[in-house]
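Here is the structure we will look at, set down as structure tokens.
Owing to the predicted nature of the structure, the values given are computational and were not obtained by experimental measurement.
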Amino acid sequence: MSETVHPTAISYLPAFITAPGQSDILFDVVVIFMILAIFVIGTFYLRLHSLPETLAHKSHKTQYELVAVLGLISLLTHNNILWVAALILALIDLPDFSSPLSSIAGSLERIAGKVDTPPDSMPTEPEVTESQSAASSDQPSVEGKA
């Protein structure tokens, strides 16, 4: 084959035009660029998508789990409103309502006498040794005195 240029072609050909049968350098560069771009954009997307979970990591366990579930649902369904809700929920510090309410419930059960305490936690009478029984017989009784 001859290296002659077609008579209708221009005299100057750009560098990305290759001769027949040669490897296309521009195509190779674009393929490598696209593979790297897909990995970089995918990593950025997943980092951005996990932002609410990262922010909620130091909050309460229930709030963290709720943010994680909202983020996962938004990732799988492509509903961006769920991601926005997860981000807002992660940024808001929710007050702890369960601890005071459980304390109130426990106090009410104790007042009502409905506390079911296991036998291991029941207070036991201290064992009296001989020296303590001798010392206690010398002291007057204080029972019945208010």
Side-chain angles (χ1 to χ4, degrees), residues 1-129 131-133 135-136 141-146:
M1 295 201 103
S2 66
E3 294 288 329
T4 60
V5 180
H6 195 272
T8 59
I10 58 174
S11 61
Y12 171 75
L13 292 177
F16 58 85
I17 302 292
T18 59
Q22 299 293 320
S23 65
D24 191 1
I25 296 174
L26 180 64
F27 177 74
D28 296 338
V29 170
V30 169
V31 166
I32 291 170
F33 174 77
M34 287 304 295
I35 289 172
L36 290 175
I38 288 171
F39 280 124
V40 167
I41 291 172
T43 303
F44 175 73
Y45 175 74
L46 291 176
R47 289 271 181 165
L48 182 66
H49 188 77
S50 67
L51 180 66
E53 292 176 40
T54 306
L55 292 174
H57 185 69
K58 55 187 170 260
S59 65
H60 303 291
K61 182 179 186 272
T62 307
Q63 182 179 2
Y64 175 71
E65 289 176 353
L66 185 61
V67 168
V69 167
L70 281 173
L72 185 63
I73 291 172
S74 71
L75 178 66
L76 297 175
T77 60
H78 302 292
N79 287 333
N80 294 334
I81 190 70
L82 296 175
W83 184 84
V84 172
L87 184 64
I88 291 172
L89 185 60
L91 292 174
I92 295 174
D93 189 25
L94 296 178
D96 183 22
F97 290 119
S98 62
S99 295
L101 289 177
S102 63
S103 175
I104 291 170
S107 298
L108 289 175
E109 285 179 351
R110 258 186 274 124
I111 290 171
K114 295 183 179 181
V115 176
D116 295 332
T117 57
D120 295 330
S121 65
M122 301 245 311
T124 58
E125 294 293 323
E127 294 181 16
V128 179
T129 60
S131 62
Q132 290 175 343
S133 64
S136 64
S141 174
V142 290
E143 291 180 17
K145 298 181 181 177

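- For L108, the side chain to side chain contact (heavy atoms under 4.5 Å, CB included) test picks out I104, with sequence neighbours left out.
- The side chain to side chain contact (heavy atoms under 4.5 Å, CB included) check on I35 picks up V31, F39, with sequence neighbours excluded.
- Among residues two or more places apart in sequence or in another chain, the side chain to side chain contact (heavy atoms under 4.5 Å, CB included) test is passed with L26 by F16, D24, V30.
- Not one N or O on the side chain of S103 forms a donor-acceptor pair closer than 3.5 Å with the backbone of S99.
- Note: L48 CG to T43 OG1 = 12.5 Å, rounded to the nearest 0.5 Å.
- The number of heavy atoms from other shown groups lying within 6.0 Å of CZ (F27) does not exceed 12.
- Shown here for A56 and A90, the closest heavy-atom pair between the two residues is CB-CB, 3.8 Å.
- Rounding to the nearest 0.5 angstrom, the gap separating the CG atom in L55 from the OH atom in Y64 is 11.0 Å.
- The salt bridge (Lys or Arg N to Asp or Glu O under 4.0 Å) contacts involving residues 63-85 comprise K61-E65, where partners must be two or more places apart or lie in separate chains.
- Under the salt bridge (charged side-chain N to carboxylate O under 4.0 Å, His left out) criterion, K58 pairs with no residue, sequence neighbours left out.
- Checked against L72 for a side chain to side chain contact (heavy atoms under 4.5 Å, CB included), the options V69, L76, L70 give a single hit: L76.
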Return a table of donor-acceptor pairs under 3.5 angstrom between the side chains of residues 77-86 and protein atoms on other chains or two or more places apart.
{"from": "T77", "atom 1": "OG1", "to": "I73", "atom 2": "O", "distance (Å)": "2.6"}
{"from": "T77", "atom 1": "OG1", "to": "N79", "atom 2": "ND2", "distance (Å)": "3.4"}
{"from": "W83", "atom 1": "NE1", "to": "H49", "atom 2": "O", "distance (Å)": "3.2"}

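- With Q63 contributing its side chain and I92 its backbone, the two residues share a donor-acceptor pair below 3.5 Å.
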